[in-house]
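Fair warning: this is a prediction, and the values are worked out from it, not measured in the lab.
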Amino acid sequence: MKSQFLIGAIASGSGKTTLTLGLLKALSNRGMNVQPYKCGPDYIDTQFHRIASGNPSVNLDTFLSSPEHVRLLFSRYSSDKEVSIAEGVMGLFDGYDRMKGSSAEIAELLDLPVILVLNAKSAAYSVAPILHGFKHFRPTVRMAGVIFNFVGSESHYRFLKDACEDVGIEPLGYLPKSNEVETPSRHLGLSLDGETALDALAARTAALVEKTVDIDRLLEITKTDALCLPPPPSARGNGLRIAVACDEAFNFVYAENMACLHRMGEVVRFSPMRDTVLPEADLVYLPGGYPELYLEQLSANASMLEAIRRYAEKGGRMLAECGGMMYLSDSITDAGGKTYPMAGVFRQRATLENMKLTLGYRQFRYNGMDFRGHEFHYSRVDDAQESVVRQYNAKNIPVDTRLLRHKNVIAGYTHIYWAETDNLLDLFK
């Protein structure tokens, strides 16, 4: 029996990430080994989780991967941990097709009790019908308790507890209104200053959680039979040497994708911002990240830009995603209109002028293999070449997202999830 649970919410903006960070840090402060997870394709919250818990956070996503893969991941990473906490995505039942891909689907699949975090700002006993609906809408999703956010006072909390009593859901405490624990901008980045700020935020939130949330009771009511599945046969490495861009500008990666690369061979990391030499490699991976925050440093590192160009023109295998793809463009223009030369592997211009959000699941078939991933960016690319495949969203509707190829360089906005089938090299056939 281990404490394992999912933190869900009525809607986005309820405080899932804030509460998750506080609990991860509070339990870690108690000396407990805590495993974080993130429902859905988010690769930013997982970085917050790592900083708060000290352990890599793993994505659980039933669009990107099969239910069997999700169960194996949860079993593998939780096996040696005392507590496992999965942060949900959006509202509890929000999926790409009704409940498909939702946090509730993950809770059902893994038989995880749900701790609901509810924004109680400007509400009191009226939370009762909301709680009643969430408790009874899907009986196979177990509502173990609720924690309220944005609570004004102890008196306010008493009204909320009355609602819980009448509905039959256990109240486990609350987070008070506080500007000290607001989740920072998604563009904070993973610089040393950014990591320090996030760690300080987690510490402040943990202090609040210890005061106003009954953590001991939370751990008690979420004890469940641990999921113990036999590990799959060990994949044989094929002796590759894989160079992965890793610095403040490039750090949006799925933990299990990286684990897959380690199974494929030797992984060496390099910094496009600071290193002047590209490591010898059979494959180069340029993940997404925050290149727009470091355009001056990236553009000034002429020797690395030239090394990337030479590697590409010689036929080296390279995968570039989102920010990595932008780095391979002729230039990147920042939101203010200033343009910085880049690697020039693809004859196109990336820009953050007139930023507009593009996001959603993506799927495509290439070289006889099916691939799935996720797109999330505010930039755009002008003058891009034709896509080598047609990509589709989660409902099989065609989208304009391109997949580009130049020799053995493949690039696009889609963050591909390849960990389940270890089929990354099939892209380059």
May I ask you to decide whether [X] forms a salt bridge with [Y], counting only side-chain N to carboxylate O separations under 4.0 Å?
X      : Y      : value
Asp247 : Arg269 : no
Glu210 : Lys25  : no
Glu248 : Arg274 : yes
Arg217 : Glu220 : yes

Is there a donor-acceptor pair under 3.5 Å between the side chain of [X] and the backbone N or O of [Y]?
X      : Y      : value
Ser75  : Leu227 : yes
Asp61  : Gly101 : no
Arg365 : Gly368 : yes
His49  : Gln35  : no
Asp370 : Gln363 : no
Glu420 : Ser66  : yes
Asp334 : Gly336 : yes
Ser14  : Ala11  : yes
Arg372 : Tyr361 : no
Asn59  : Gly40  : yes

If you look at every heavy atom in [X] and [Y], which pair is closest and at what distance?
X      : Y      : value
Gly173 : Tyr157 : N-OH, 3.0 Å
Pro113 : Ala144 : CB-CB, 3.8 Å
Val151 : Phe148 : CG2-CB, 3.6 Å
Met99  : Glu105 : O-CB, 3.7 Å
His156 : Phe150 : CE1-O, 4.2 Å
Ile332 : Tyr327 : CD1-N, 4.1 Å

Looking at [atom1] of [X] and [atom2] of [Y], how far apart are the two atoms once the value is rounded to the nearest 0.5 Å?
X      : Y      : atom1 : atom2 : value
Glu321 : Asn257 : CD    : CG    : 7.0 Å
Leu60  : Lys38  : CG    : NZ    : 10.5 Å
Cys322 : Ile416 : SG    : CD1   : 12.0 Å

Pair [X]-[Y], side-chain donor/acceptor within less than 3.5 Å:
X      : Y      : answer
Asn393 : Tyr96  : no
Gln348 : Ser329 : yes
Tyr254 : His374 : no
Thr414 : Gln391 : yes
Asn33  : Asp80  : no
Thr333 : Glu353 : no

task = Decide side-chain contact (heavy atoms from CB on, under 4.5 Å) for Ser103 and Leu6; before the verdict, give the C-alpha distance in whole Å, the side-chain angles of both, and the deciding distance to 0.1 Å.
result = CA-CA 8 Å; Ser103 306; Leu6 183 145; 4.0 Å; yes
Might you confirm whether atom [atom1] of [X] has over 12 heavy atoms from other residues, nucleotides or ligands at distances under 6.0 Å?
X      : atom1 : value
Phe159 : CZ    : no
Glu296 : CD    : no
Lys121 : NZ    : no

ask   = What do the steps show when you test Ser84 against Tyr77 for side-chain hydrogen bond (donor to acceptor under 3.5 Å, both in side chains), and what is the final call?
value = CA-CA 9 Å; Ser84 295; Tyr77 285 91; over 6 Å; no
task = Decide if the gap between the ring center of His377 and the ring center of Phe252 is smaller than 6.0 angstrom.
result = no
inquiry  = Could you check whether Phe364 and Phe371 have their ring centres less than 6.0 Å apart?
reply    =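 For Phe371 and Phe364, the ring centres are under 6.0 Å apart.
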key: Glu82/Arg30 under salt bridge (Lys or Arg N to Asp or Glu O under 4.0 Å): CA gap, chis, key distance, verdict   = CA-CA 12 Å; Glu82 298 166 81; Arg30 292 184 177 194; over 6 Å; no
query = Does the salt bridge (Lys or Arg N to Asp or Glu O under 4.0 Å) test come out yes or no for Arg362 and Glu375, once each step is laid out?
reply = CA-CA 7 Å; Arg362 301 291 178 252; Glu375 182 177 9; 2.6 Å; yes
Atom pairs and distances, donor-acceptor, side-chain atoms in residues 126-137, under 3.5 Å, two or more places apart:
from: Lys135; atom 1: NZ; to: Val167; atom 2: O; distance (Å): 3.2
from: Lys135; atom 1: NZ; to: Gly168; atom 2: O; distance (Å): 3.1

task = Report the C-alpha distance between Asp225 and Met1 in whole Å, list the side-chain angles of each, state the deciding distance to 0.1 Å, and finish with yes or no for side-chain contact (heavy atoms from CB on, under 4.5 Å).
result = CA-CA 5 Å; Asp225 291 322; Met1 300 286 288; 2.9 Å; yes
Test log, rule salt bridge (Lys or Arg N to Asp or Glu O under 4.0 Å), inputs Glu154 and Lys161 = CA-CA 10 Å; Glu154 279 288 343; Lys161 287 198 292 185; 5.7 Å; no
message = Would Ile106 and Phe74 count as a side-chain contact (heavy atoms from CB on, under 4.5 Å) here? Give the steps.
response = CA-CA 10 Å; Ile106 296 292; Phe74 193 83; over 6 Å; no
task = Show the numbers, then the answer: is there a salt bridge (Lys or Arg N to Asp or Glu O under 4.0 Å) between Asp400 and Arg380?
result = CA-CA 12 Å; Asp400 292 332; Arg380 72 177 188 277; over 6 Å; no
